[in-house]
Amino acid sequence: YNKEILIGIILVHFNYRDEKVRLNEYYKILKVIKRYRDLLPLVFIGDFNALTKMDYIDKEWEVITKIREDNQWELPKTELL
């Protein structure tokens with residue numbers, strides 16, 4: 001433990017319904033990251049609400065897709081920026 005060491009913690013909870021909104025939220029946070037990245041170490045954590053199909057078996061992915069359809073949310077996207 002050394003109280004002389006400072007780190008920045010950036011905690012996010014991105015929108016779960018819309019990729020465009022998530023990207024907008026990310027770009028807003030990016031401004032903060034750019035402002036502080038050379039001043040102190042940053043830890044970027046949170047709920048990014050990003051789905052990865054590789055993490056699910058096909059049946060689970062179908063359930064996720066159905067839930068999103070039933071709630072009129074965008075369908076899962078797995079492409080990276």
Side-chain angles (χ1 to χ4, degrees):
Y1 173 73
N2 182 340
K3 54 184 165 179
E4 301 297 319
I5 297 175
L6 295 175
I7 63 169
I9 298 175
I10 299 171
L11 175 63
V12 299
H13 188 180
F14 288 150
N15 183 282
Y16 65 96
R17 289 187 179 193
D18 190 297
E19 179 72 8
K20 289 179 185 175
V21 173
R22 278 190 296 281
L23 286 172
N24 189 40
E25 292 169 338
Y26 166 74
Y27 288 120
K28 286 179 181 178
I29 296 294
L30 185 59
K31 292 177 186 178
V32 174
I33 292 170
K34 287 180 178 181
R35 185 180 321 147
Y36 291 102
R37 68 181 174 200
D38 294 329
L39 300 175
L40 67 161
L42 298 174
V43 179
F44 190 41
I45 58 175
D47 184 346
F48 300 97
N49 278 310
L51 299 173
T52 303
K53 191 170 190 303
M54 292 182 348
D55 293 336
Y56 300 94
I57 62 172
D58 288 340
K59 186 165 181 78
E60 291 171 321
W61 191 254
E62 289 170 14
V63 170
I64 291 168
T65 301
K66 174 135 180 51
I67 289 170
R68 296 185 73 82
E69 278 179 344
D70 290 349
N71 287 287
Q72 298 179 345
W73 303 339
E74 72 175 2
L75 296 181
K77 295 181 180 181
T78 59
E79 307 87 32
L80 298 175
L81 297 176

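- For Asp55, there are no side-chain hydrogen bond (donor to acceptor under 3.5 Å, both in side chains) partners at least two apart in sequence or on another chain.
- The salt bridge (charged side-chain N to carboxylate O under 4.0 Å, His left out) analysis of residues 61-74, with sequence neighbours excluded, yields the pairs Arg22-Glu74, Lys66-Asp70, Glu74-Lys77.
- Taking the six-membered ring where tryptophan is involved, the planes of Tyr26 and Phe44 are tilted, since the angle between them lies from 30° to 60°.
- Grouping Ile, Leu, Val, Met, Phe, Trp and Tyr residues whose side-chain heavy atoms lie under 4.5 Å apart, directly or via other members, leaves Val21 alone, with no other cluster members.
- Taking each heavy atom of Ile64 and Pro76 in turn, the nearest pair found is CG2-CG, 4.2 Å.
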Show, in sequence, the C-alpha distance, side-chain angles and deciding distance for Tyr36 and Ile10, and conclude whether the side chain to side chain contact (heavy atoms under 4.5 Å, CB included) test is met.
CA-CA 11 Å; Tyr36 291 102; Ile10 299 171; over 6 Å; no
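- Looking at residues two or more places apart in sequence or on another chain, you find no salt bridge (Lys or Arg N to Asp or Glu O under 4.0 Å) involving Asp38.
- Using a 4.5 Å cut-off between side-chain heavy atoms of Ile, Leu, Val, Met, Phe, Trp and Tyr, Met54 forms no hydrophobic cluster with any other residue.
- Its side chain outside the 4.5 Å cluster rule for every partner, Ile57 clusters with none of the Ile, Leu, Val, Met, Phe, Trp and Tyr residues.
- Applying the side-chain contact (heavy atoms from CB on, under 4.5 Å) criterion to Ile45, with sequence neighbours excluded, gives Ile9, Leu11, Val43.
- Between Ile7 and Leu40, the shortest heavy-atom contact is C-CD1, 3.3 Å.
- Other members of the hydrophobic cluster containing Tyr16, listed by chain and number, are Val63, Ile67, Trp73; membership follows side-chain contacts under 4.5 Å among ILVMFWY residues, whether direct or relayed.
- Under a hydrophobic clustering in which Ile, Leu, Val, Met, Phe, Trp and Tyr are joined whenever their side-chain heavy atoms come within less than 4.5 Å, directly or via other members, Phe48 and Leu75 fall into different clusters.
- Atoms OH and CG, from Tyr27 and Leu30 in turn, are 8.0 Å apart once rounded to the nearest 0.5 Å.
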